[in-house]
Amino acid sequence: MVAISRHWSRTVLSLCNRGFHSQLQPQNFVPFSQQQLQRNFLESQLVSLLHGCSDFNQLRQVHANIIRMGLDQCCFVLTKFIRVLTKFMVPMDYPRLVFDQVRRPNPFIWTALIRGYSLLGPFSEAVVLYNCMRKEGTRPVSFIFSALFKACGATHDFNSGRQVHCQTISIGGFVSDLYVGNTLIDMYVKCGFLDYGRRVFDEMMDRDVISWTSLITAYAKNGAMEVAGELFDRLPDKDMVAWTAMVTGYAQNARPREALRLFERMRDAGVETDEVTLVGVISACAQLGAEKYARWIRDVAEHAGLGPTTNVVVGSALIDMYSKCGSVDEAYQVFEMMMEKNVYSYSAMIVGFAMHGKADAAMRLFYEMVKTETKPNRVTFIGVLTACSHAGLVEQGRNLFGSMQGIYGITPSADHYACMVDLLGRSGHLEEAYELVKTMEIEPHGGVWGALLGACRIHGNPDIAEIAASHLFELEPTGIGNYVLLSNIYASAGRWDDVSRVRKLIRKKGMKKNPACSWVEASNGVIHEFFAADMTHPKSKEIKQALEELLERLKLAGYKPNLSSVVYDLSDNEKEQLLMTHSEKLALVFGLLTTSAGSSIRIVKNLRICEDCHSFMLSASGVTRREIVVRDNMRFHHFRDGLCSCGDFW
DNA sequence: TCCAGCACTC
């Protein structure tokens, strides 16, 4: 019997598929020639050799064999070869060379090559080649389209993607292919045309959980959590990935509590947890900044066998979480126990040190990293530059910034300039900071001008502030913080007319001030929330009284209210009253009332801590003999015995 | 022979 030929088995298969079972009679098959059999045998031998390859050198040897056996025009074998090369992520020059030597490429080898480009890049080459293929009159096979849409998605090339999509419609049939449909949704979403993706989804004949999840993720990334949630509820068979997409969506949209609630529901539903799910939940815990949740999720991770020792992704997320929860020491413990460390782990740790004002540790780790195989990336530099900025290490920062391009091959981005402006401006080199902005080769973004404006606030420079603010008003017309900052700068300079001018502008634009808010964890792990001048908390009366008592004690110890922190034109007495309503002071007093003596108090604040609250905390940490940790939207302050980890420089 | 969720950024 003829048993080993692929042609034979293919013929049988296609006859079966078309319902011609009756033709499956031995007499209907022309026996293969001996030569053909020999060739088929060789081909299948080579293909199995290809699949057994474990490194690039072996692949080259098989290639040499293909040529030696005279199969250098055999599309069947070469297609497999190109696929394996792609799997090994061999740069596309090599597959291209192989392809270019084939005189009459068939649709499959075209597809393999195009797919290679769509996975490894240069992505734009995929569409170029596809057009060549069409010009030569080769009819595309359906699965070429998922490769093309992937490539267009990677380059955000909406026009090409749209064009190819229209062609699939005119060729007919392929749009109803589930895989093609899913990649098409993904392509439109990546190009920023969510509505087009939605339309494809709505028009698809059948959808699987992947189609739903693509769309859910897209809405979540757009901040449309309500739409995402609606889709999620309608999804009949939710799998781990779909659940994770929702959990992560809430975390990414700064809704950590909902993320945790959904994660609990997910576990109740008996869905498994993997590292991706965990990372989303860990990020939610990091946002809450509470020790209780940090401990809990660490246990969950260890329990699932996904602890930091063995899992680098979970480890890096945990480093970030512990840093943001105020436990930089614990973050470092995690870092040290990790068997594998990559650029994420190093960067997270460096950023963690920077946030806590441990500039020396950050720099040390950076130089340690440089000695390893792991190359620093743009985020790593954000970390070290921030560290310099928080510690006022101007010279070191200048050197690092200067070495980015030359030594590490990283072109400074606007974010890096923002760090430098922050460093220079904060340390009093306002003019130099402004000069740096003026000489930037790339367009400065809001972060750059924002850093300059912030520095003007510290050093009281309304003139440069006006310039920075005017750019900010254009770049971020709805950014209320910039207006508030400018008005504060005018207020500090006593320019009350300008203050009211800015206030009017705010009112005219219909903007509302972001309410200041602080959170503090009570001893039972429950988180309490305080807004500025908030009297809605059940214990408000006690808090107010305790605050007044504390104020008297602090004044005796030398604390003086910093009245210039108040941006309203009020009497000194009124200013002092107003300062006592700041949310972090309420949170502090609540913490003092509800936690046991000796334990530390952790406060998280949504805005930057003001100067008066900073000196209040300093004094309070000395008088009450408590450690106070405040996380504002920029960094951490550890107050102990009347001193702060930031060295009063922030 | 392809398709979904992913850690570090003032």
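First the proteins, then the strands, lettered A, B, ... as listed; each starts at 1.
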Base-contact (B) and sugar-phosphate-only (S) positions in nucleotides 1-6 of chain B, heavy-atom cut-off under 4.0 Å, - elsewhere: BBBBBB
In whole angstrom, what separates [X]'s [atom1] from [N]'s [atom2]?
| X | N | atom1 | atom2 | value |
| --- | --- | --- | --- | --- |
| A/H416 | B/dC10 | NE2 | C1' | 12 Å |
| A/L453 | B/dC10 | CG | P | 18 Å |
| A/M349 | B/dT9 | CE | P | 12 Å |
| A/F401 | B/dT9 | CZ | P | 19 Å |
| A/L318 | B/dA7 | CG | P | 14 Å |
| A/I458 | B/dC10 | CD1 | C1' | 12 Å |
| A/M338 | B/dC8 | CE | C1' | 11 Å |
| A/M404 | B/dT9 | CE | C1' | 12 Å |

Any residue meeting salt bridge (charged side-chain N to carboxylate O under 4.0 Å, His left out) with A/K80, in chain and number order, not counting sequence neighbours: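 Counting only residues at least two positions away or on another chain, A/K80 forms no salt bridge (charged side-chain N to carboxylate O under 4.0 Å, His left out).
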Touch class at under 4.0 angstrom, heavy-atom based, for A/V379 against every strand present: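 Base contact - A/V379 has a heavy atom under 4.0 Å of at least one base atom.
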Sugar-phosphate, base or nothing in reach of A/D415, heavy atoms under 4.0 Å: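 A/D415: base contact, heavy atoms under 4.0 Å.
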Cationic tip of A/R162 above A/Y196 ring, under 6.0 Å, 45° of axis: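 That pair does not qualify as a cation-pi contact.
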Centroid-centroid distance, A/F381 to A/Y408, less than 6.0 Å: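 Yes.
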A/F232 ring center near A/W212 ring center (under 6.0 Å):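 No, they do not, as the ring centres are separated by 6.0 Å or more.
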Plane angle bin for A/F335 and A/Y332 - parallel if under 30°, tilted between 30 and 60°, otherwise perpendicular: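 Parallel, since the angle between the ring planes stays under 30°.
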Under-4.0 Å side-chain N/O to phosphate OP1/OP2 contact, A/T386 with B/dC10: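 So the side-chain polar atoms of A/T386 do come within 4.0 Å of the phosphate oxygens OP1 or OP2 of B/dC10, strictly under.
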A/H165-A/T168 side chain donor-acceptor pair, cut-off 3.5 Å: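 Short answer, no.
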Where A/Q396 and A/M363 come nearest, the two heavy atoms and their spacing: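 Taking every non-hydrogen atom into account, OE1-CE, 2.9 Å.
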